[in-house]
> 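The structure under discussion is supplied below as structure tokens; questions concerning it will follow.
Below, read A as the first sequence line, B as the second, and so on, with proteins coming before strands; counting in each chain starts at 1.
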Number of protein chains: 2
Amino acid sequence: MKNAKRISLLGYALLGLIQQQPVSGYSLRKIFTATPMGSFSDSPGAIYPALARLEADGLIQGVVEEGAGLRRRKIYRLKPAGLAALKRWYARPVTREDVVRGMGELMLRFAFLGETADQDTIRRFLTSLRGQLKAYLPEVEAFAGMHEDKMSVSGKLALDHGVRGYRASLEWVEAAIAAYDWPKKGGIS
Amino acid sequence: MKNAKRISLLGYALLGLIQQQPVSGYSLRKIFTATPMGSFSDSPGAIYPALARLEADGLIQGVVEEGAGLRRRKIYRLKPAGLAALKRWYARPVTREDVVRGMGELMLRFAFLGETADQDTIRRFLTSLRGQLKAYLPEVEAFAGMHEDKMSVSGKLALDHGVRGYRASLEWVEAAIAAYDWPKKGGIS
DNA sequence: GTTTACATGTAATCCGTTACATGATTGA
DNA sequence: TCAATCATGTAACGGATTACATGTAAAC
């Protein structure tokens, strides 16, 4: 029950899934093999220790399923401290570093965030992501322009892949903001 | 000088950069802070031990710059075994797992691959990537269609981000193949 | 003459990978 | 009955993060 311990990305992925509904470690492993969450390892050596850590930190609680001739399954449920940790994660503003490290982590956060976060948190996530993308995209484009002459064809193409990706993310975030269609801030006119 | 040791992604990134031109550890760190390769950590605790491992494995060689009043800089050069390791990396066919784990690793490989790989290796990389994307994209789309009803708005949007990303990658790979404009295989007509 | 940038390292810790280990239940 | 799937773990290892440590050269 130590508090304020760091939580790994896998930890957040597990917390987010457990938040959706109580699950066993084995079910979580299957989610990582069978769904687009496949970027996480489905190996028992990753998941079971991670669950044990989250439990030791008081974020989740595992209860062995009672019942007669059943295979023993330990079902994990989210505890209040776990929900609080998730909410702190959701509320983090999107930083430049988040964008540089890749969209994957941010999309994991956003996917779960819809479950319990209020509209304000969602809006802040999307607008701060939009801001960072709008700032970072021209940076990469400028880098490409500046180093064009010194780069191999494949180097230029790889950079172009990055630019296309960030452009697609920017289009996505605009579409996402539009999808929620919040009333404008600043008074009823 | 142990042989056949596993090389981490950071290891390949360092090998690829050293292949382009001999560099010091400090220069490599700056590359990770100042260029779109920022997804790698620029911390000395990551880079110097990684360089030491590559050197111990006989893949690179570091030589302390001679010369009078200079700050001591250790310049690393690629050894034949290092080039061979890179070439084996370049020649790996793109797998489904590569695509699931994310484009980042694949694009790192492709960016460096242009330096020394022959046209055949480049073509095989791009066509196998195209094949995997063409197979994986409809999989994700099908998953989205199947689970649409059980997902939150943000969950659906996050999945949509993934779909858009893979679509952008597919468009990119088609453009990349077109950019090289290889003569068709199978005879001169 | 003091801050900033250059330059290289080490030590503790954490955690993911890989491989091993165990046992129950279901279906062929 | 034998293989496959369900289900949970452990142990050794490797490598990245974080923080600490040290010293030189340039710039202000």
> Quick one about E55(B) and Q61(B) (side-chain donor to acceptor, distance below 3.5 Å, no hydrogens or angles considered), yes or no?
no
> Please enumerate all residues that pass side chain to side chain donor-acceptor pair (under 3.5 Å) together with T35(A), with sequence neighbours excluded.
none
> Rounding to an integer number of Å, can you tell me how far L14(A) CG sits from dT8(D) C1'?
15 Å
> For the pair made of CG in D42(B) and P in dA7(C), what is the distance, rounded to whole Å?
15 Å
> Any donor-acceptor pair under 3.5 Å linking the side-chain atoms of Q132(A) with those of T95(A)?
no
> Roughly, in whole Å, what's the span from CD1 in I31(B) to C1' in dA7(C)?
15 Å
> Please enumerate all protein N or O atoms sitting under 3.5 Å from an N or O of nucleotides 21-23 of chain C, with distances to 0.1 Å.
none

> Under 4.5 Å between any side-chain heavy atoms of R29(B) and P44(B), yes or no?
yes
> Taking only nitrogen or oxygen atoms into account, show me every contact under 3.5 Å that the protein makes with nucleotides 12-16 of chain D, one pair per line with its distance.
| unit_1 | atom_1 | unit_2 | atom_2 | d |
| --- | --- | --- | --- | --- |
| dA16(D) | OP1 | S8(B) | OG | 2.9 |
| dA16(D) | OP2 | R53(B) | NH2 | 3.0 |

> Would you confirm whether R109(B), through its side chain, and W89(B), through its main-chain N or O, come within 3.5 Å as a donor-acceptor pair?
yes
> Over how many whole Å does the gap from E97(A) atom CD to dT17(D) atom P extend?
14 Å
> Of the listed nucleotides (dT8(C), dG9(D), dT5(D)), which one gets closest to any side-chain atom of R72(A)?
dG9(D)
> According to a strict under-4.0 Å criterion, is Y26(B) in side-chain N/O contact with OP1 or OP2 of dT8(C)?
no
> Aromatic rings W172(B) and H161(A): how do their planes relate, parallel, tilted or perpendicular, breaks at 30° and 60°?
perpendicular
> Nearest to the side chain of S43(A), heavy atoms from C-beta on, is which of dT10(C), dT18(C), dT18(D)?
dT18(C)
> I need the OH-P distance between Y48(A) and dA19(C), as an integer number of Å.
19 Å
> On DNA chain C, compare the nucleotides closest to F40(A) and P49(B); which residue's is nearer the 5' end?
P49(B)
> Can you check whether E65(B)'s main-chain N or O pairs, donor with acceptor, with R73(B)'s side chain at less than 3.5 Å?
no
> Would a line drawn from the ring center of F125(A) to the ring center of Y90(A) be shorter than 6.0 Å?
no
> Could you tell me the separation between the CD1 atom of I47(A) and the P atom of dG16(C), rounded to a whole number of Å?
10 Å
> What is the separation between atom CG on L51(A) and atom P on dT10(D), rounded to the nearest whole Å?
12 Å
> If I take atom CE from residue M37(A) and atom CZ from residue F143(B), how far apart are they, to the nearest 0.5 angstrom?
9.5 Å
> Nearest-Å distance, CG (L28(B)) to C1' (dG9(C))?
15 Å
